[in-house]
Amino acid sequence: MAKRTPAQWTRKHLLGLEDLSVGEIRHLLDTAEKFLPYATARKAAPQKLKGRTVLNLFCEDSTRTRTSFTLAAERLGARVIQFHAATSSLSKNETLLDTARNIEAMGLDAIVIRHPERGAPEAVADAVRCAVLNAGDDAHEHPTQALLDFLALRHKFGRLDDLTVGIVGDIRHSRVARSNLYGLAKLGSRAIFVGPPLFLDGLDDLTVPVETSTDLDAVLPECDAVMMLRVQFERHEGVALDLEDYKRGYQLTAKRLARAKKGAIVLHPGPINRGLEITDEVADGPESVILHQVTCGVAVRMAALSLCIGALERERKSAKPSPLTPPLSHKGRGRDKRAARPKGRAAKRGRKR
Ligand code: CP
């Protein structure tokens, strides 16, 4: 039988699911599964990141992703620095790359970045030496969100192949839809993008084929899971959306959900526009796994941080020492400690004190 997971994770960056192999996706999910008992802090997690420093470089608002990356890193023993774009020197025209390089110069092991420009995490990854994890860039990728969605799906169905997931709503502006599409295609499942024509526009950037539909009621009977997306009003420059019309065609109501396959579940990455893309009844109903997704997010981010920082540490060990900051050899460090320790009469005096 083919080996399911690679023996060792080799990537120090997690920038998207488009470039990951199915083995790497499974390895991330299997590692996250092991971290799940620690995700709610009921059990103390192994201190795998003790002594490490993680920067949360968020240039866009966030509740779930920032908080869960913070908790994931802290529960593994890392120190987390919160960067707030609005009160930083970005407001004095410092570039993003200068910002990242300057903070890295203070000693960093990982940068978690959310940015409104597509490709910003990749640009930062090219500019620094530490690990870089994409926490969402424009409408491009949100890899840890898709991974936590997969973990929640696997908990319900026990598998990640042969599933049909209807991804419904503001696809055009959604990095979640794109990361889910790339991941589900690799895992052997089917994503169907559903929404009004103006939200199915602008998908030319996709590098895999995608099924689309404007008819949610027709797609629902094929769905094992329905992932509702937030209408992203803040990205709607020039988009004219009739909200009542939208609700009539695409709001997930209990009546509509009854059309989906028996046992179908409801996902939403959050934040939710309650009463717009989804009713309260469905968001809080028995088919909803929305809060379970959030718990899975902590475990996925524990896995992503520990794997990427682990790969960075292996890279650092095999790298030649930098002439600017020569690390002490193991032997040398021992000598330094001995030199600092008082000897003879001075040591005796020290002991008496
Ligand atoms: N799902 C998600 O990315 O939520 P936040 O914007 O609150 O981080």
Side-chain angles (χ1 to χ4, degrees), residues 14-18 28-29 32 39 54-74 80-86 110-118 120-121 132-153 155 165 167-184 191 193 199 225-236 252 265-274 276-278 282-284 288-305:
L14 178 61
L15 301 175
L17 294 197
E18 188 186 355
L28 270 161
L29 295 174
V54 174
L55 172 72
N56 264 349
L57 205 176
F58 277 58
C59 300
E60 249 187 31
D61 294 343
S62 166
T63 295
R64 280 145 291 269
T65 313
R66 186 198 276 271
T67 308
S68 59
F69 263 116
T70 302
L71 291 176
E74 287 183 354
V80 183
I81 310 294
Q82 303 292 350
F83 175 87
H84 295 282
I111 297 176
V112 175
I113 175 170
R114 170 169 287 191
H115 200 275
E117 275 177 43
R118 183 191 182 99
V132 175
L133 293 94
N134 182 0
D137 60 327
D138 189 36
H140 180 218
E141 283 243 31
H142 193 348
T144 55
Q145 176 66 45
L147 289 165
L148 73 86
D149 297 336
F150 301 159
L151 202 59
L153 284 168
H155 289 159
V165 182
I167 304 181
V168 185
D170 192 351
I171 305 282
R172 176 174 169 175
H173 301 105
S174 178
R175 51 200 176 209
V176 176
R178 284 164 174 79
S179 287
N180 265 275
L181 171 69
Y182 292 130
L184 288 170
F193 284 178
F199 284 165
V226 191
M227 182 181 296
M228 299 308 296
L229 298 177
R230 180 173 70 91
V231 178
Q232 300 193 40
F233 290 105
E234 73 278 15
R235 297 186 207 271
H236 277 200
L252 192 63
I265 58 169
V266 176
L267 301 101
H268 194 307
I272 299 174
N273 290 312
R274 283 179 177 267
L276 177 52
E277 66 261 5
I278 191 168
V282 175
D284 304 326
S288 168
V289 297
I290 294 171
L291 292 178
H292 183 59
Q293 286 174 268
V294 177
T295 304
C296 289
V298 181
V300 159
R301 285 155 186 148
M302 285 172 128
L305 285 166

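Computed from a prediction, not measured in an experiment: that's the story for all the values here. Both backbone and side-chain heavy atoms feed into the values below; hydrogens, waters and symmetry mates do not. Indexing begins at 1, ligand by ligand and atom by atom, following the structure's order.
In this structure D61 satisfies the salt bridge (Lys or Arg N to Asp or Glu O under 4.0 Å) test with no other residue, sequence neighbours excluded.
The CZ atom of F199 lies 8.0 Å from the CZ atom of R172; values are rounded to the nearest 0.5 Å.
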N/O pairs closer than 3.5 Å, ligand 1 and protein:
from, atom 1, to, atom 2, distance (Å)
ligand 1, 1 (N), Q145, OE1, 3.1
ligand 1, 1 (N), P269, O, 2.8
ligand 1, 1 (N), G270, O, 3.3
ligand 1, 3 (O), T65, OG1, 3.0
ligand 1, 3 (O), R114, NH2, 2.9
ligand 1, 3 (O), H142, NE2, 2.9
ligand 1, 4 (O), R64, NE, 3.0
ligand 1, 6 (O), R114, NH1, 2.9
ligand 1, 7 (O), T63, N, 2.8
ligand 1, 7 (O), R64, N, 3.0
ligand 1, 7 (O), R64, NE, 3.1
ligand 1, 7 (O), R64, NH2, 2.9
ligand 1, 8 (O), S62, OG, 2.6
ligand 1, 8 (O), T65, N, 2.9
ligand 1, 8 (O), T65, OG1, 2.6
ligand 1, 8 (O), R114, NH1, 3.4
ligand 1, 8 (O), R114, NH2, 3.3

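Both the sub-6.0 Å distance and the 45° axial angle are satisfied by R301 relative to the ring of F69.
Judged purely by distance below 3.5 Å, without hydrogens or angles, the side chains of T70 and Q82 pair a donor atom with an acceptor atom. Side-chain contact check for H142 and R114: at least one donor-acceptor pair (N or O, by modelled atom type) lies under 3.5 Å.
Ring-centre distance between F150 and H155: not below the 6.0 Å cut-off.
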